[in-house]
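Encoded as structure tokens, the structure appears first; notes follow it.
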Amino acid sequence: MSFVEVERISQSYGGRPILDRVSTSAEEGEFVSIVGASGCGKSTFLRLLLAQELPTRGRISIAGAPPAREPGPDRGVVFQRYSVFPHMSVRQNLVAASALGANFWGGLFGAKCKAAQKVADDALDRIGLAHVAHAYPSALSGGMQQRLAIAQALMARPKILLLDEPFGALDPGTRITMHAFLMELRAETGMTVFMVTHDLAEGFKLGDRVLVFDKPRWDPADPNAVGATITYDFDARDGGIPFQRLQETTHVPIEL
Amino acid sequence: MLVLLAYGIGSEARRAVNPADKVLPAPAQIVETAQRLITQPDKRSGDILFWTDTAASLERLGYGVAIAAGIALVFGLVIGILPIARTMLSPFVNVLSMIPPLAILPILFIMLGLGEVSKVALIAIGITPFLIRDLAQRVAELPPEQIVKAQTLGATSLAIGLRVALPQALPRLLGSLRLSLGPAWLFLIAAEAVAADAGLGYRIFLVRRYLAMDVILTYVIWITLLAFLLDLALRLVSRFAFPWAEEGL
Ligand SMILES: Nc1ncnc2c1ncn2[C@@H]1O[C@H](COP(=O)(O)OP(=O)(O)OP(=O)(O)O)[C@@H](O)[C@H]1O
Ligand SMILES: [Mg+2]
């Protein structure tokens, strides 16, 4: 049994199928990129993984746990926008990441608060935002905001990290920096990631696998009759050239 | 400025015809009256009526607005966050907001007596529905991404209400309070005009019987100034307490 198991999930809205019998699985520590045409249900798939919505059919289980009924701290998420709290400073955002789930009213006092602040300050140093610790997110560049959002999501130590076009609103230069940032964090934490992107190159660069969502059939009479599913599952390791590693690591005696 | 100039000319013209005219007193006379009102104690009670009136009115206004803000905050958050509360309470609040508050003033006087409670109640009842609707809408407009993010950090619904929705509702509350101050003054003066023994509105309607335009105008100018200062104070509080809410309210 894999770390993430997606078993024949379908989702429809008002009788209109969006996703149709999607099955896949991912190992712990795998980075899965998801690409596909606009509106084909990539965000829907992510919402299902997040348990923000429940599938019409099928089940998703993570780390062998029964299917979740609502988003919880075992899943971290970063959206394209609105992923940080605008009324909290950069530092408060990171403190809140520890505090929100600490008790039923979401606040910390005294020693625990001190400890959370210490953790937040360490994180700020690590992600290079210490110099803007007391600024509000609206004063940050898009790249800084997303860096904060990713760091905030990771504070809760989620089992999987879900990213919905996290770099979609950034300029190409900032994207490259963010890629490096994300890969660094990933090497550190070994986390499992699902990332939706519209940038194929980005998907292949960051991912171990690239899933392509598309409609398997096209009904000319009613384009909305069929939902999308995973039509390709590429191995994206080693720059998207499979079997390279296989050749390196096997020692087939060469007979001349 | 033009208004002042027009007033000066009008006042001049009327007094040229009839020097004892009381409808448009000369600006100089208003200043004189204002000085007398602000400094001279009342012969019977020994208090300076101008200040007791001001204190009485501001107290009623303060209580009324504070109660309205408190109720609106609770209901606005609940209606904004919980869909069940929205379907149940929202139509009710909508109907409430259509009741003309002044029409129920007599009911308040009958039920709560002629004292302070009925006046405070009128102000609170008058502005609460608007505040609730405004806040609920603001809370409902919070990006769902934020709520989901809070959930993935382990927040309970209460934690989301207190730490995510409430702080973002507060600047909006101050903004809608600023808009509500106008109606609040209206309800205050109306209630005082009907039954009171002190208050700015009460005094205006009392001296009307003697055609004391100079006193009335002094009070009107004073009320305007107070309203302006309250508005300014709310704006400053909002700017300093919520620097992140950069969209100028
Ligand atoms: N809550 C909902 N109710 C009804 N329809 C919905 C809902 N959420 C999504 N849809 C529909 O489902 C389809 C897939 O939406 P989704 O956001 O998953 O697409 P996407 O692949 O993420 O697209 P994009 O690349 O533009 O982000 C869209 O046609 C959308 O209109
Ligand atoms: Mg999407």
Side-chain angles (χ1 to χ4, degrees), chain A residues 43 46-47 49-53 68-90 92-108 134-140 148-150 152-162 164, chain B residues 73-74 76-78 80-85 134-177 234-235 237-249:
Chain A
S43 299
L46 227 51
R47 281 201 298 278
L49 279 177
L50 186 58
Q52 185 185 344
E53 288 172 9
R69 305 207 62 82
E70 55 176 30
D74 52 347
R75 293 139 157 89
V77 68
V78 174
F79 300 101
Q80 186 172 352
R81 297 172 61 204
Y82 307 122
S83 292
V84 292
F85 302 116
H87 59 289
M88 298 180 185
S89 72
V90 170
Q92 286 168 338
N93 259 291
L94 290 182
V95 174
S98 320
L100 273 175
N103 46 39
F104 69 98
W105 48 275
L108 284 178
H134 297 285
Y136 287 97
S138 58
L140 302 185
L148 175 61
I150 294 173
Q152 187 186 42
L154 291 181
M155 295 282 276
R157 309 210 163 280
K159 296 204 182 91
I160 59 170
L161 180 66
L162 304 168
D164 194 349
Chain B
L73 209 48
V74 173
L77 280 178
V78 169
I81 295 179
L82 302 176
I84 312 163
D134 205 47
L135 271 187
Q137 192 188 341
R138 170 78 182 101
V139 172
E141 277 170 6
L142 284 178
E145 287 94 332
Q146 265 184 44
I147 312 288
V148 172
K149 179 82 179 209
Q151 282 180 317
T152 62
L153 296 174
T156 59
S157 294
L158 181 69
I160 292 176
L162 290 179
R163 301 285 318 273
V164 179
L166 174 65
Q168 296 191 67
L170 283 177
R172 176 64 167 254
L173 177 67
L174 284 189
S176 18
L177 273 184
L234 282 179
R235 201 166 62 207
V237 167
S238 178
R239 186 173 312 157
F240 284 105
F242 312 111
W244 49 269
E246 88 278 49
E247 82 261 307
L249 287 161

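Note that this is a predicted model, so its numbers are computed, not measured. Chain identifiers are assigned alphabetically (A, B, ...) following the order of the sequence lines, protein sequences preceding nucleic acid strands; residue numbering begins at 1 within each chain.
When each of A:P158, A:A153, A:A135 is scored by its heavy-atom pairs under 4.5 Å with chain B, the top score falls to A:A153.
When all heavy atoms of A:P86 and B:W244 are compared, the closest pair comes out as O-CB, 3.4 Å. Among all heavy-atom pairs drawn from A:V84 and B:Q146, the shortest one is O-CG, 4.1 Å.
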Less than 3.5 Å apart, which donor and acceptor atoms pair up between the side chains of residues 71-78 of chain A and the rest of the protein, not counting sequence neighbours?
unit_1 : atom_1 : unit_2 : atom_2 : d
A:R75  : NE     : A:L49  : O      : 2.8

Which side-chain N or O atoms in residues 151-165 of chain B pair as donor and acceptor under 3.5 Å with protein atoms at least two apart or in another chain?
unit_1 : atom_1 : unit_2 : atom_2 : d
B:T152 : OG1    : B:K149 : O      : 2.7
B:T156 : OG1    : A:F104 : O      : 2.4
B:T156 : OG1    : B:A159 : N      : 3.1
B:R163 : NH1    : A:G106 : O      : 2.4

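For the pair A:H87/B:P171, no side-chain contact is recorded, criterion being any heavy-atom separation below 4.5 Å from C-beta on.
In this structure, chain B has no heavy atom under 4.5 Å from any part of A:R47. Contact annotation for A:M88: only side-chain heavy atoms (C-beta onward) come within less than 4.5 Å of a heavy atom of chain B. There is no contact between A:A139 and chain B, counting heavy-atom distances below 4.5 Å. Residue A:Y82 touches chain B through both its backbone and its side chain, counting heavy-atom pairs closer than 4.5 Å.
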